[in-house]
Protein chains: 2
Amino acid sequence: MVVDQLSESEVDRLFHALADSTRRSIVVRAISGEHSVSSLAASYAMSFAAVQKHVAVLEQASLVTKEKRGREQIVRANRETVRKARQLLDEYEKIWRQRADRIADILAEDSED
Amino acid sequence: MVVDQLSESEVDRLFHALADSTRRSIVVRAISGEHSVSSLAASYAMSFAAVQKHVAVLEQASLVTKEKRGREQIVRANRETVRKARQLLDEYEKIWRQRADRIADILAEDSED
DNA sequence: CTGATCTACAACCATTTGGTTGTAGATTAT
DNA sequence: ATAATCTACAACCAAATGGTTGTAGATCAG
């Protein structure tokens with residue numbers, strides 16, 4: 001294990017936040033440039049309050065941060081969190097490799113006798 | 001884009017399936033070796049039916065498959081789906097790099113004059 | 001100062017989620 | 001044949017989710 005900087009419930013929040021297309025879209029837009037909550041909200045066929053809630057979910061998952069600028073809140077994506085999520089899935093793929101290695105070892109031992 | 005073999009709702013299901021520690025645990029165990037639903041269920045402090053539902057969620061997300069063997073159902077993890085999830089997050093990280101490149105290009109153009 | 005804009009947040013509602021228990025069908029073991 | 005095991009699935013329930021509208025506080029523009 002290398003990536004376990006995240007508790008189980010943080011991982012829960014992280015993947016849950018990513019499990020909604022509106023939220024993923026917000027993350028992509030926040031990666032690409034700076035946006036206020038209201039400018040983001042203008043893009044979606046739902047109320048400002050609904051988008052505000054989505055941003056809050058992303059914020060609790062540390063996928064974005066908000067920074068007050070005048071009367072606006074600027075939403076920025078958090079690169080590190082996306083990296084951690086990817087690394088988590090990398091770990092899963094690593095388990096497969098370990099399993100394959102383990103099986104290969106056993107086969108090698110068999111042929112040693 | 002390279003990874004878009006998945007529809008938005010499939011991605012929803014995929015991340016939603018990963019957003020639960022019991023389900024992630026089941027995936028890890030299914031990666032490591034073969035398990036029936038009931039042998040998996042024995043590990044968790046919840047009913048068999050609850051675990052059965054978790055497996056169903058993983059199955060709908062294509063994270064695992066079930067194969068009938070006698071009266072048991074063997075649960076196997078689907079390596080390809082985990083890879084797709086990781087690649088999706090890779091794409092996000094790629095957007096950051098593209099943004100950085102774009103900014104670098106603009107700075108280069110500025111200094112060309 | 002007044003009005004427009006941006007945000008925060010509460011209250012409400014329908015649907016989904018994650019758990020339960022209970023019943024029933026298949027398969028295996030005695 | 002009977003009993004035990006494994007699975008499927010329905011019905012139910014509390015809590016969370018994802019949306020709404022409405023109200024109110026800050027900030028900016030005229």
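We name chains A, B, ... by the order of the sequence lines, and we start the count at 1 in each one. What you see is a predicted model, and the numbers here were worked out from it, not measured in a lab.
- The interatomic distance linking A:D20 (CG) with D:dA16 (P) rounds to 19 Å, in whole Å.
- By the 4.5 Å heavy-atom criterion applied to side chains, B:M46 and B:V51 are counted as neighbours.
- Residue A:D90 forms a side chain to side chain donor-acceptor pair (under 3.5 Å) with just one option from A:K94, A:Q87, A:R86, and that option is A:R86.
- Side-chain contact between B:I74 and B:H35 is absent, with no heavy atoms from C-beta onward closer than 4.5 Å.
- Projected onto DNA chain D by closest heavy-atom contact, B:I74 and A:H16 fall at different nucleotides, the more 5' of which corresponds to B:I74.
- Of the possible donor and acceptor atoms, none in the side chain of B:R83 sits under 3.5 Å from a partner among the backbone N and O of A:L89.
- Between the CG atom of B:D12 and the C1' atom of C:dT16 there is a distance of 13 Å, given to the nearest Å.
- The separation between A:Q73 atom CD and C:dA8 atom C1' is 9 Å, rounded to whole Å.
- What separates NZ of B:K68 from P of D:dT5 is a distance of 19 Å, to the nearest Å.
- Residue side chain B:R71 does not reach the base of D:dT7 through any donor-acceptor N/O pair under 3.5 Å, judged by distance alone.
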Run the side-chain donor-acceptor check on residues 13-25 of chain B: report pairs under 3.5 Å with partners two or more places apart or on a different chain.
unit_1 : atom_1 : unit_2 : atom_2 : d
B:R13  : NH1    : B:Q60  : O      : 3.3
B:D20  : OD1    : B:T22  : N      : 2.9
B:D20  : OD1    : B:R23  : N      : 3.0
B:R23  : NE     : B:A17  : O      : 2.9
B:R23  : NH1    : B:H54  : ND1    : 3.1
B:R23  : NH2    : B:H16  : O      : 3.1
B:R24  : NH1    : A:D12  : OD1    : 2.9
B:R24  : NH1    : B:L18  : O      : 2.7
B:R24  : NH2    : A:E8   : O      : 3.2
B:R24  : NH2    : A:E8   : OE1    : 3.2
B:R24  : NH2    : A:D12  : OD1    : 2.8
B:S25  : OG     : B:Y44  : OH     : 2.5

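- Rounding to whole angstrom units, CG of residue B:L18 and P of C:dG18 are separated by 12 Å.
- Listed pair B:R23 / C:dG18 meets the phosphate criterion, a side-chain N or O lying under 4.0 Å from OP1 or OP2.
- Contacts between residues 29-66 of chain A and DNA chain C, counted as heavy-atom distances below 4.0 Å, involve A:S36, A:V37, A:S38, A:F48, A:A49, A:Q52, A:K53, A:K66.
- Salt bridge annotation for A:R69-A:E34: present, with a cationic side-chain nitrogen under 4.0 angstrom from a carboxylate oxygen.
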